[in-house]
Amino acid sequence: MRRFNALTFQTALLASSAVFACETCRPAVEAGIFNEHFWGRLAITLLPFGVVLCVVAPLHFLGRER
């Protein structure tokens, strides 16, 4: 139950309007995030998850066959 409450709290924080930038700063923040380097930075951010998946998946399936 405690884990569910923490998940609900985090979801509420992410969905709240308090996490958005103010109206003055918002265009500058969006321009800094969604520029020509966005896809490269997104790929670099997601790369560790792919590496971990490529390491853990074979270990998981090798462990199941024995």
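Side-chain contact between H37 and I44: absent, with no pair of heavy atoms (C-beta onward) separated by less than 4.5 Å. Contact check for V52 versus F49: no side-chain heavy atoms found under the 4.5 Å cut-off.
L47 is not connected to L42 by any chain of hydrophobic side-chain contacts under 4.5 Å among Ile, Leu, Val, Met, Phe, Trp and Tyr, and they are in different clusters. L53 and L62 are assigned to two separate hydrophobic clusters, defined by single-linkage of ILVMFWY side chains at heavy-atom distances under 4.5 Å. Side-chain heavy atoms closer than 4.5 Å link hydrophobic residues (I, L, V, M, F, W, Y) into clusters, and following such links, possibly through other members, connects L46 to F34.
The shortest heavy-atom contact between V55 and P58 is O-CD, 3.5 Å.
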